[in-house]
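Since we're looking at a predicted model, the values are computed, not measured. Each ligand, and each atom within it, is numbered from 1 in the order the structure gives.
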Amino acid sequence: MKYLYFDEIDSTNSYLKREYESLEDMTLVCAGHQTAGKGRRGRKWEDDKDSLMFSILLKKDIDAKRSELLPLLSGVSLYSLLGKNHIQASIKWPNDVLIQNKKCAGILLEAVTKEKMEAVILGIGINVNNASFPENIRSKAISLYEAAGRRFDKKEILNQFVSEFVKYYGSYLKKDDLFLDVLQNHSYLDGREVILNYYGEDRHGKVLGIAKDGSLLLLEDGKETKIKSGEVTLEHNYH
Ligand code: BT5
């Protein structure tokens, strides 16, 4: 892994999207603050000085279909590192890591595509030592500090993430998806009644699990369906 650091940048994902051609595979760019931190679908990622934000550029053996597994693989890497720090987390398909039902980390996968997919950028935001959050996310965000009652060394968290990620990504490149076992045992949505917003349409069902290709398996009107992407809300939290 090659490391770059900026005290402040618009977004580590946007930086790698701009510079991917001249940078090596497995370049990691980390920032102290993002002025335009991105979530999915135009949403914002909030940070303060206690947050950890970074993106990893992947250029080797890019397989568009399999790259959809990478946010889940990153979620499992986060889950494992948190476990090593005695924090029990769970992975919420497709791209969140939760502690006590609140989001402590978000993952944003972006692809650079010309004639074919040239690169994949995996952006990760972790609430590490944050003691408070902006009003709009206060009820749904949590930091590792809040969960564990102690502060963490952000650099150490980053190193621990990288060592988990490298392990799972190495097996992913060999098409041996080690991380899927962990995911299937620690998936937050398993067995829950959910509402899945799929391109503007609400679908209701019970989550059966996660398939080997990373899709969510949903029981809808007695029928099993495979969902590739979408936003999931728990049925009882909806109103
Ligand atoms: C995500 O999007 O969760 C992906 C977040 C990825 C952030 C990283 S930071 C490094 C890299 N560079 C970037 O510019 N981005 C990546 P999504 O599932 O769309 O969730 C966004 C929603 O989560 C927001 O609309 C808020 O409701 C909530 N949110 C925003 N900031 C949060 C935070 N710090 N903690 C918890 N929830 C937050």
Nearest neighbour in protein (non-hydrogen) for [atom]:
{"atom": "atom 31 (N) of ligand 1", "value": "Glu46 N, 2.9 Å"}
{"atom": "atom 26 (C) of ligand 1", "value": "Ile137 CG2, 3.6 Å"}
{"atom": "atom 15 (N) of ligand 1", "value": "Lys38 O, 2.8 Å"}
{"atom": "atom 38 (C) of ligand 1", "value": "Trp45 CZ3, 3.6 Å"}
{"atom": "atom 36 (C) of ligand 1", "value": "Ala141 CB, 3.5 Å"}
{"atom": "atom 20 (O) of ligand 1", "value": "Lys103 NZ, 3.0 Å"}

If the threshold is 4.0 Å, N to carboxylate O, is there a salt bridge linking Glu118 and Lys59?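 No, no charged N to carboxylate O under 4.0 Å.
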
Can you find a non-hydrogen atom of Lys102 under 4.0 Å from ligand 1?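 Under 4.0 Å: no for Lys102.
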
Location of contacts on Asn127 toward ligand 1, heavy atoms closer than 4.0 Å: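 For Asn127, only side-chain atoms sit under 4.0 Å from ligand 1.
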
I need the contact type for Lys140 against ligand 1. Using non-hydrogen atoms and a strict under-4.0 Å cut-off, is it side chain, backbone, both or neither?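 For Lys140, only side-chain atoms sit under 4.0 Å from ligand 1.
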
Go through the side-chain N and O atoms of Thr35 and Asp10 and say whether any donor and acceptor fall under 3.5 Å apart.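 No.
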
Decide yes or no on side chain to side chain donor-acceptor pair (under 3.5 Å) for His33 and Asp47, but give the supporting numbers first. CA-CA 7 Å; His33 171 56; Asp47 74 69; 2.6 Å; yes

Applying side chain to side chain donor-acceptor pair (under 3.5 Å), run through Asn127 and Glu146 and close with a yes or a no. CA-CA 9 Å; Asn127 302 322; Glu146 289 173 324; over 6 Å; no

Under 6.0 Å between ring centres: does that hold for Tyr15 and Phe6?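 Ring-ring flag for Tyr15/Phe6: true, centres closer than 6.0 Å.
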
